[in-house]
Amino acid sequence: MPTPILHKESLIPGKTSKMVLDAPQIARKARPGHFVMLRMTPTGERIPLTIADTDAEKGTITIVYLVMGKSTAILEELDTGDSILDVCGPLGHPTHIEKKGTVICVGGGTGIAAMHHIAKGHARAGNKVVGIIGARSKDLLLFEKELKLFVDELLISTDDGSYGHKGLVTDLLRDRLEKDKSVFEVVAVGPVPMMAAVAETTRSFGVKTTVSLNPIMVDGIGMCGACRVSVGGKTKFACVDGPEFDGHEVDFPELRRRLAAYREQEKVSIDDYQLRIAHGN
């Protein structure tokens with residue numbers, strides 16, 4: 001059954017958008033860390049998106065996506081009042097959350113939106129939440145206002161110094177870990193290089209580090225094996241074993257190679273789609 005789009009908002013024009021979907025069954029069951037699989041057309045591919053927020057009473061879920069390839073370009077063509085053909089979820093394992101003290105939640109890019117849901121879960125459990133978010137520049141930051149509604153402290157970095165600390169999220173993370181010995185866990189969601197850097201930063205401090213992985217997925221239910229990742233020397237499927245894993249055990253170089261495996265085909269697909277759109281086909 002098609003899923004209605006109740007609200008669409010451009011967060012970064014032409015690049016990143018937010019949608020609120022009418023999905024009561026998913027909203028009732030979804031927990032921080034869960035994701036959904038979307039399909040926009042009968043012949044289209046399925047794509048995974050981590051749930052950025054839920055409202056069980058209203059029966060809505062919020063998704064945030066970066067327009068990168070053909071599927072997200074098609075998704076971006078939809079607007080408030082339209083419907084997404086298929087939305088399947090909640091999928092994966094939810095974030096393990098228990099009241100233990102101080103947790104640092106690190107987000108980068110569109111991963112900030114997914115981190116938002118996890119941080120909110122920790123706040124509701126009674127943990128002290130320190131949020132760290134970063135982007136290349138101020139205009140590319142997401143969910144700052146939303147996070148400030150419930151985190152105890154929000155630290156911000158930009159590569160160009162246009163807002164907050166000039167530098168990387170790992171600079172702020174390292175500084176905080178050196179000063180605060182009460183941190184029991186660091187959660188990181190964002191680009192693979194960022195998550196890998198966070199895991200390396202926390203390793204010497206001996207702090208548990210959880211990362212949410214984003215490998216290529218096809219079905220999202222463990223049947224195809226496309227989302228396999230190596231964790232602790234063992235093969236795991238991110239869709240059913242994750243998407244969250246111990247960041248100190250993840251083989252990040254392998255993950256980067258797998259994410260790049262179809263880059264040439266992805267470029268051909270989006271170029272062909274944009275050409276057809278330009279010609280009105």
Would you indicate whether the side-chain heavy atoms of [Y] and [X] approach each other to under 4.5 Å?
X: Met40; Y: Leu85; answer: no
X: Arg228; Y: Pro215; answer: no
X: Thr202; Y: Val183; answer: no
X: Leu149; Y: Lys145; answer: no
X: Leu255; Y: Leu259; answer: yes
X: Leu168; Y: Asp159; answer: yes
X: Lys15; Y: Val67; answer: no
X: Leu141; Y: Ile133; answer: yes

Exercise. Cluster question for you: counting only ILVMFWY and a side-chain heavy-atom cut-off of under 4.5 Å, with indirect links fine, are Leu142 and Met115 together?
Worked result: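 They do share one cluster, since a chain of ILVMFWY contacts under 4.5 Å joins Leu142 to Met115.
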Exercise. If Ile, Leu, Val, Met, Phe, Trp and Tyr residues are connected whenever their side-chain heavy atoms lie under 4.5 Å apart, and connections chain through other members, are Tyr65 and Leu78 in the same group?
Worked result: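 Yes, same cluster.
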Between [X] and [Y] (side chain of the first, backbone of the second, donor and acceptor by atom type, cut-off under 3.5 Å), is there such a pair?
X: His279; Y: Leu275; result: yes
X: Ser269; Y: Gln265; result: no
X: Asp152; Y: Val130; result: no
X: Thr16; Y: Ile12; result: no
X: Arg258; Y: Ala226; result: yes
X: Asp246; Y: His248; result: yes
X: Thr158; Y: Lys138; result: no

Exercise. Could you state the interatomic distance from CG (Leu91) to NE2 (His34), rounded to the nearest 0.5 Å?
Worked result: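 Atom-to-atom, Leu91:CG and His34:NE2 are 8.0 Å apart.
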For this session: Pick out which of Val20, Thr50, Leu49 makes a side-chain contact (heavy atoms from CB on, under 4.5 Å) with Ile63.
Result: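 The residue from Val20, Thr50, Leu49 that satisfies side-chain contact (heavy atoms from CB on, under 4.5 Å) with Ile63 turns out to be Leu49.
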Exercise. In a check of side-chain contact (heavy atoms from CB on, under 4.5 Å) between Pro32 and each of Ile51, Thr54, Thr95, which one passes?
Worked result: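 Per the side-chain contact (heavy atoms from CB on, under 4.5 Å) rule, the option paired with Pro32 is Thr95, out of Ile51, Thr54, Thr95.
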Exercise. Please walk me through it: do Lys8 and Glu76 pass salt bridge (Lys or Arg N to Asp or Glu O under 4.0 Å)?
Worked result: CA-CA 9 Å; Lys8 179 183 177 182; Glu76 181 66 1; 3.6 Å; yes
Problem set entry | Short N-O contact, Glu254 and Arg257, less than 4.0 angstrom |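 Salt bridge flag = no for Arg257 with Glu254.
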Exercise. Does Arg174 come within less than 4.0 Å of Glu178, counting only side-chain N to carboxylate O?
Worked result: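 Between Glu178 and Arg174 there is no salt bridge, as every charged N stays at least 4.0 Å from the carboxylate O atoms.
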Problem set entry | Lys181, NZ: over 12 other non-hydrogen atoms inside 6.0 angstrom |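 Enclosed.
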Exercise. More than 12 non-hydrogen atoms from neighbouring residues, nucleotides or ligands closer than 6.0 Å to OH on Tyr262, yes or no?
Worked result: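 Atom OH in Tyr262 is not packed in, count stays at 12 or less.
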Exercise. Where do Ile47 and Thr72 come nearest, in terms of heavy atoms and distance?
Worked result: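 Heavy atoms of Ile47 and Thr72 come nearest at CD1-CG2, 4.0 Å.
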Exercise. How far apart are the closest heavy atoms of Met194 and Ala188, and which atoms are they?
Worked result: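 The pair with the smallest heavy-atom distance is CE-CB, 4.1 Å.
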Exercise. Are His122 and Phe150 close enough that their ring centres sit under 6.0 Å apart?
Worked result: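 Ring-ring flag for His122/Phe150: false, centres at least 6.0 Å apart.
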